[in-house]
2 protein chains.
Amino acid sequence: MGMTRVTRRRSRHEEEENDTGRRDMRKQRTRRALLDAALELMQGEQSFNSISLREVARNAGVVPTAFYRHFRDMDELGLTLVEEALRALRQMMREARSAPLPATSLINRSVQTYIGYVQANRDYFQFLAKERFGGSRALRTAVRQGTALFISELATDLARFPTANRLSTEELQMISSLIVNIMISTTEQLLDLPPDNDAEVDWLHDQAAQQMRLVFLGSMQWKPKSEREKQKALAQG
Amino acid sequence: MGMTRVTRRRSRHEEEENDTGRRDMRKQRTRRALLDAALELMQGEQSFNSISLREVARNAGVVPTAFYRHFRDMDELGLTLVEEALRALRQMMREARSAPLPATSLINRSVQTYIGYVQANRDYFQFLAKERFGGSRALRTAVRQGTALFISELATDLARFPTANRLSTEELQMISSLIVNIMISTTEQLLDLPPDNDAEVDWLHDQAAQQMRLVFLGSMQWKPKSEREKQKALAQG
DNA sequence: ATATTTTGTGAACAGTCGTTGACTTTATAT
DNA sequence: ATATAAAGTCAACGACTGTTCACAAAATAT
């Protein structure tokens with residue numbers, strides 16, 4: 001009986017911080033619950049600034065005031081969501097880039113990968129799509145900067161193709177923004193489909209792939225500004 | 001003095017309804033005020049389903065209950081706005097189509113016309129852009145049907161070009177949806193600019209025109225499905 | 001001239017919202 | 001063992017929301 005119950009707790013020094021701490025764990029758990037609750041609420045008809053703090057808290061199984069232990073206000077939560085979504089997107093790009101280039105049917109494989117990724121992260125993309133125009137200035141510019149970076153990275157990827165030597169940086173940017181447009185449009189159409197409508201998804205795939213092929217065909221025929229001026233000078237001389 | 005003041009009112013039969021009636025006039029006036037109030041409120045950071053009925057009424061200089069004399073609820077007002085915006089857009093298309101085709105610099109002129117039109121109807125396009133994804137299912141599908149029709153009309157226009165004979169209907173649709181994508185993207189960028197930033201607007205014009213040129217170049221090189229199959233059969237035989 | 005319909009007003013309702021402050025509980029630090 | 005700091009709860013506030021009902025004013029119909 002008299003035995004002292006010794007639940008000896010490891011001090012920070014004996015074990016090097018590999019334990020997340022039961023409190024931090026709990027904190028991260030409800031933080032995540034809040035973020036997920038917001039994402040889930042946006043799957044319906046609501047847009048981000050039409051969902052209330054109380055709704056989010058309720059949906060996360062927590063009292064409204066607990067919200068403030070994690071975010072200053074809804075805007076801060078929104079920015080966190082944008083950050084997460086864009087980070088995930090960048091990671092996909094990095095992986096896709098590291099893979100060896102299968103020169104044959106490159107477009108088909110890329111489109112396939114991208115569509116699969118969107119399907120797997122539907123809620124994030126739903127959020128991005130809505131806030132790309134609906135949201136506060138802060139959210140909007142965050143999303144926009146993300147896609148701008150996306151375009152630039154794609155441009156540098158395109159520059160590695162042998163046939164891209166003739167094109168200037170601006171022209172490459174113009175082309176890759178065109179391609180990103182196709183991806184965005186495809187994404188939007190994809191999100192408006194029931195997730196398991198395979199036939200329609202396949203159609204979207206084909207449509208996007210065709211459009212990209214057409215863009216590449218156009219790029220091959222594109223007369224760079226420099227050449228066009230050369231030609232003009234020749235005609236006049 | 002004793003003259004009886006006779007403000008004789010024309011009966012419905014003597015003059016054929018060309019008078020709007022002082023009451024109808026009044027009604028149409030506040031109805032318009034409500035619609036405009038909603039549009040104006042959306043110029044800021046708000047999205048359509050985050051603005052309140054009371055806000056709209058207040059902004060229109062009218063008491064909240066008066067709203068119900070004109071619309072059943074906010075959704076009905078929203079649908080009216082979509083309808084108006086799309087009708088305006090279609091009218092622009094019709095006019096542009098009736099003009100004789102100046103074969104030279106056709107793209108430049110078209111882009112110029114369109115950008116000018118967007119600038120002149122900024123509020124409507126702001127609304128369309130936001131509700132294309134933010135809004136209720138009803139609003140969204142209304143917008144979507146409008147753009148789908150837009151794409152189809154553009155496709156029939158493209159079909160009149162001599163070089164378009166080789167292409168199937170599906171391929172023409174694919175191409176015109178690509179072009180509409182460019183227009184939508186241009187519109188969105190335009191709306192995020194201060195209306196008088198001429199330098200940036202010119203840049204957007206050039207970007208869009210280049211992208212369309214590239215699409216046309218690609219279309220010229222496009223191998224229609226039929227020809228591709230013919231070629232394949234030839235190679236095998 | 002009188003009756004009727006229409007357009008807008010005013011007060012009031014039940015509900016939700018964001019945010020506050022003072023509290024319990026519980027994990028960490030001393 | 002005790003103090004401290006953090007995470008979550010509870011009650012309450014003033015403000016705003018959509019919608020209702022009865023009523024005033026004014027245009028139209030009879």
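Protein chains get the first letters and strands the later ones, always in sequence-line order, with residue 1 at the start of each.
Side chain of B:S185 to main chain of B:N181: no donor-acceptor pair is present (N/O by atom type, distance under 3.5 Å, no hydrogens or angles).
The side chain of A:R58 contributes an N or O atom lying less than 4.0 Å from OP1 or OP2 of C:dC17.
Rounded to whole angstrom, the span from the CG atom of A:L53 across to the C1' atom of C:dT19 amounts to 9 Å. Atom NZ in B:K27 sits about 12 Å away from atom C1' in C:dT5, given to the nearest Å. As a whole-Å value, the separation of B:F71 CZ from D:dG18 P is 15 Å. The nearest whole Å value for the distance from the CZ atom in A:F67 to the P atom in C:dT16 is 19 Å. The separation between B:I51 atom CD1 and D:dT17 atom C1' is 14 Å, rounded to whole Å. Nucleotide C:dT6 holds its P atom 14 Å from the CD atom of B:Q28, rounded to whole Å. Counting to the nearest Å, the P atom of C:dG8 and the CG atom of B:D24 are 11 Å from each other. What separates CG of A:D73 from P of C:dC17 is a distance of 16 Å, to the nearest Å.
With DNA chain D read from its 5' end, the first of the two nearest nucleotides for A:R54 and A:G61 is the one closest to A:G61. Across the interface with DNA chain C, nearest-nucleotide mapping of B:A66 and A:T65 shows B:A66 to be the residue nearer the 5′ end.
The listed nucleotides are C:dA12, C:dT19, D:dG8; the one nearest the side chain of A:P64 is C:dT19. Distances from the side chain of A:S52 to the nucleotides C:dC17, D:dG8, D:dT17 place C:dC17 closest. Each of D:dT17, C:dG8, D:dA7 was ranked by its minimum atom distance to the side chain of B:V62; first place goes to C:dG8. Candidate nucleotides C:dG8, C:dG10, C:dG18 were compared by shortest atom distance to the side chain of B:H70, and C:dG8 ranks first. Here the side chain of B:R23 is nearest to one of D:dT28, C:dC17, D:dT9, namely D:dT28. The side chain of A:Y68 lies closest to C:dT19 when the candidates are C:dT19, C:dG8, D:dG18.
Of all non-hydrogen atoms in A:L86 and A:G146, the two that sit nearest each other are CD1-CA, 3.6 Å. Summarising the geometry of B:I179 relative to B:L158, their closest heavy-atom pair is CD1-CD1, 4.2 Å, with the distance given to 0.1 Å.
Taking 3.5 Å as the limit, the base of D:dG8 and the side chain of A:R26 contain no donor-acceptor pair of atoms between them. Side-chain N/O atoms of B:R22 and base N/O atoms of D:dT28 include no donor-acceptor pair closer than 3.5 Å.
A:S152 and A:Q173 form a side-chain donor-acceptor contact under 3.5 Å, judged by distance and modelled atom types alone.
Residues B:R144 and A:E188 are not paired through a salt bridge, judged by the lack of any N-O separation under 4.0 Å between the basic side chain and the carboxylate.
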